[in-house]
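Step one of this worksheet: look at the structure below.
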Amino acid sequence: MNTDTGHRGRLVPPALVLAQITSLQLGSVVAKGAYDEVGATALAGMRLLFSAIIVCVLARPRLSAMVGRQWRPTIALGAVFAAMNVAYFQAIEHLPIGVASTIELLGPVTLAVAMSRHWRDVAGALMALAGVLLLASPGAALPVAGLVFGVLAATCRALYVVLNRRVGLLFDDWSGLAVALAVGACLLTPVTAVTHGAAIARHPHLLLTGLLVALLSSLIPYSLDMTALRRIDVRAFGVLLAMSPAVGAGVGFLLLDERLTVRQGVAIALVIVAAAWSVGTAGNRAAREPAKPSPRQEPERPHRDVPR
């Protein structure tokens, strides 16, 4: 009985990450379908604004109860949210979703390599890194602008993984996520209003599109990420994200008819194999080693229920 429970427990983080990846890629499809009417920055701004409103209503964060050690990483996460949203949405404007997802993965994979201590972890992460580099290397016939935004998104994604885990451990509920989203929205929404306010006013139905993108690309994935990062470390999380290019390529092909070259397919396949390898070796080690609870380094605070 205990063995079955432990086995199911090890499957929870991969299931959470796969669910967030699927939701995020579906949100990318919705956003990309609206690019004929509005730009990437506008969709990124609406995505953050609606996400912040929804999470703040659900979590009802008490700002007066937050201390300096909570504010600093939360504000930093908010700034990363704003930059990451713009960079990734600009990247998928120039690149197929599967390709953009693979380049963005460069950040978490590099982080996973840096934090790995076992040769199997390093082997899996390096295999994923090889796939990403093959995809983005000279001669890949990809737009330079798309590659630049993809690398920027990758950098932000690595910072996001570290900061999201930190914020998740500093709060017992979703207050940290709510405040971070609000900070990101405060940074990005004014830019959106100035650059694309007129276009949104001419096409008010885009507000519904922005709301749907917020749910699929922000609210659901960020919540699942924070839940997963409370259970696993950033190295394991970064490797699990290697599933995203396969999901992105599949969703792009089925819903947007985005076709990949042989080179792109091989690169994505390398990343998928690396993910399967890393998850398998991590699961084998977990079966042999007793689970250790994650230490909470912050002083205890009054508990608040997680919104349902």
Side-chain angles (χ1 to χ4, degrees), residues 5-24 51-52 54-56 58-62 65-67 69-78 80-81 84 107-108 111-112 114-117 121 156-184 217-244 275 278-279 282-283 285-287 289-308:
T5 302
H7 178 68
R8 287 195 296 269
R10 291 195 298 274
L11 293 178
V12 170
L16 291 172
V17 176
L18 180 59
Q20 77 90 346
I21 289 170
T22 303
S23 180
L24 182 63
S51 297
I54 293 171
V55 178
C56 284
L58 293 175
R60 299 188 301 276
R62 295 189 334 183
M66 292 177 60
V67 298
R69 300 175 76 182
Q70 294 172 312
W71 274 109
R72 287 187 290 272
T74 302
I75 291 174
L77 179 60
V80 169
F81 274 146
M84 184 172 67
L111 185 64
M115 300 189 68
S116 294
R117 294 181 177 85
D121 297 332
C156 292
R157 189 70 169 178
L159 293 172
Y160 160 80
V161 171
V162 175
L163 290 170
N164 199 5
R165 175 174 169 80
R166 176 65 174 162
V167 171
L169 293 175
L170 286 172
F171 294 87
D172 293 323
D173 56 9
W174 304 120
S175 295
L177 177 61
V179 175
L181 287 170
V183 170
S217 294
S218 292
L219 183 61
I220 295 174
Y222 295 161
S223 300
L224 291 173
D225 281 351
M226 190 162 285
T227 302
L229 283 164
R230 284 170 173 161
R231 295 170 176 263
I232 56 177
D233 60 23
V234 295
R235 185 214 61 80
F237 182 81
V239 174
L240 284 172
L241 283 179
M243 295 183 287
S244 60
S278 298
V279 172
R285 289 198 307 278
E289 299 173 2
K292 297 180 180 179
S294 298
R296 301 184 72 89
Q297 300 175 350
E298 304 300 325
E300 293 184 359
R301 297 168 304 281
H303 177 73
R304 296 177 60 195
D305 293 334
V306 175
R308 299 182 184 276

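Using a 4.5 Å heavy-atom cutoff, the side chains of W174 and T227 are in contact. You'll find the side chain of L170 reaches within 4.5 Å of the side chain of P73, heavy atoms only. At least one side-chain heavy atom of S223 sits under 4.5 Å from a side-chain heavy atom of L177. Considering only heavy atoms from C-beta on, Q70 stays 4.5 Å or farther from V179 through its side chain.
A pairwise comparison of heavy atoms in R230 and G168 identifies NE-O, 3.1 Å as the closest pair. For C156 against V80, the heavy-atom pair with the smallest separation is O-CG1, 3.4 Å. Closest of all the heavy-atom pairs between A59 and A178 is CB-CB, 4.1 Å. Minimum heavy-atom separation, L219 to S51: N-OG, 3.9 Å.
Atom CG of residue L77 and atom CG of residue L181 lie 7.5 Å apart, to the nearest 0.5 angstrom. Atoms CD and OG, on Q20 and S217 in that order, are 10.5 Å from each other to the nearest 0.5 Å. Atom CZ of R72 and atom CE of M66 lie 11.0 Å apart (nearest 0.5 Å). The CG atom of N164 sits 9.5 Å away from the CG atom of L169 when rounded to the nearest 0.5 Å.
No donor-acceptor pair closer than 3.5 Å links the side chain of S23 to the backbone N or O of A19. The backbone N or O of L229 lies less than 3.5 Å from a partner atom in the side chain of R165, making a donor-acceptor pair.
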